[in-house]
Amino acid sequence: QQWFAHSQDLAGKSVLVTAGGTVERLDPVRFLTNDSSGKMGFALAEAAANRGADVTLVAARTTSEPIQGVNVVRVESAEQMLQAVLERYDTADLVIKAAAVADYRPAVRANSKIKKSEEKLVLELERTTDILKTLGERKKHQFLVGFAAETEQIERYAMDKLTRKRCDLVVANDVSQEGAGFNVDTNIVHIYGEEGLVEALPMLQKREVADRLLGVIVNRMKAKTA
Ligand code: CTP
Ligand code: CA
């Protein structure tokens, strides 16, 4: 596939992207995760690098191939992702949180393999830190973009996330639709800003979605600093 050389409209900008599904360990051989492929985040990292940005990709579990010209930091859990992102937050101009971060992790992580015993086993889970919300609370100059995976009431939930997590934009995908969301090469997204719906994109290849989204982001970043 051929991507047109882009104007270098992110030259000199430091971009931090997260991708993939976090892995929350139960014991040394078992973990909880989700269906995220990391494709959207990887496409965004590649598209940003093409536009001249200095890109760091914090990647959890993913099926995507490494990309040339992007600094990849591998993490496993939500907690590790939080640390990796916070370390790089002050120097970032743009942060895009495309990762599927686990909402819950096992309350206890066993150091040795859990042996089977009773007929029923109840797992206790505890909430992970909301990385995006933490970033929103600490936001200074950064332009912050969140994702929202929804199956119903897309606009309402997306706008709620935008406000609660102090994002500049929220990219919502209806993961119940065919051709959107997890583990496919295409996506159907609605982009929301403070004022509501900014753009509703048709079904496109994720790499195309990434470029269209970066177009919107660049315009808004310019308007913010103008
Ligand atoms: N997110 C995060 N840290 C978490 C959970 C989510 O940074 N512990 C980020 C995701 O990377 C995404 C955004 O928050 O950019 C929205 O994630 P989503 O799962 O859609 O929303 P939640 O706030 O977790 O709410 P819910 O799952 O209940 O819809
Ligand atoms: Ca969630």
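In each ligand, atom 1 is the first atom listed, and ligand 1 is the first ligand listed. All values reported here derive from a predicted model rather than from experimental measurement.
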Among all protein heavy atoms, pick the one closest to [atom] and tell me residue, atom and distance.
| atom | result |
| --- | --- |
| atom 13 (C) of ligand 1 | Phe147 O, 3.0 Å |
| atom 11 (O) of ligand 1 | Ala99 O, 2.8 Å |
| atom 7 (O) of ligand 1 | Leu132 N, 2.8 Å |
| atom 1 (N) of ligand 1 | Asp130 OD1, 3.9 Å |
| atom 27 (O) of ligand 1 | Asp103 OD2, 3.2 Å |

Quiz prompt | Ala149 N/O under 3.5 Å from ligand 1 N/O | solution = yes
Quiz item: Do ligand 1 and Ile131 have nitrogen or oxygen atoms that lie under 3.5 Å from each other?
Solution: yes
Quiz item: Side chain, backbone, both or neither: which part of Thr128 comes within less than 4.0 Å of ligand 1 when only heavy atoms are counted?
Solution: side chain
Just wondering, are more than 12 heavy atoms of other shown residues or ligands nearer than 6.0 Å to [atom1] in [X]?
| X | atom1 | value |
| --- | --- | --- |
| Arg127 | CZ | no |
| Glu119 | CD | no |
| Gln177 | CD | yes |

Heavy-atom check, side chain of [X] versus side chain of [Y], under 4.5 Å:
| X | Y | answer |
| --- | --- | --- |
| Ile114 | Leu26 | yes |
| Glu208 | Leu201 | no |
| Met221 | Leu94 | yes |
| Tyr104 | Glu126 | no |

Quiz prompt | Winner among Glu150, Lys97, Arg164, Lys161 once heavy atoms are compared against atom 25 (O) of ligand 1 | solution = Lys161
Quiz item: In Å, rounded to the nearest 0.5 Å, how long is the span from CG of Leu82 to CG of Leu132?
Solution: 11.5 Å
Quiz item: Out of curiosity, Asp185 CG to Gln205 CD, how far, rounded to the nearest 0.5 Å?
Solution: 6.0 Å
Quick one: does [X] get a heavy atom under 4.0 Å from ligand 1?
| X | value |
| --- | --- |
| Lys165 | yes |
| Ala102 | yes |
| Thr129 | yes |

Exercise. Might you check, step by step, whether the distance between atom 19 (O) of ligand 1 and some protein heavy atom is under 4.0 Å?
Key: no
Exercise. Mark up the atoms of ligand 1 that fall under 4.0 Å of a heavy atom belonging to Ala148, in ascending order.
Key: 20 (O)
Practice problem: Using a strict cut-off of 4.0 Å, indicate which atoms of ligand 1 neighbour a heavy atom of Gly146. | Solution: 15 (O)
Quiz item: Using 4.0 Å as the upper bound for N to carboxylate O, is an ion pair formed by Arg51 and Asp9?
Solution: yes
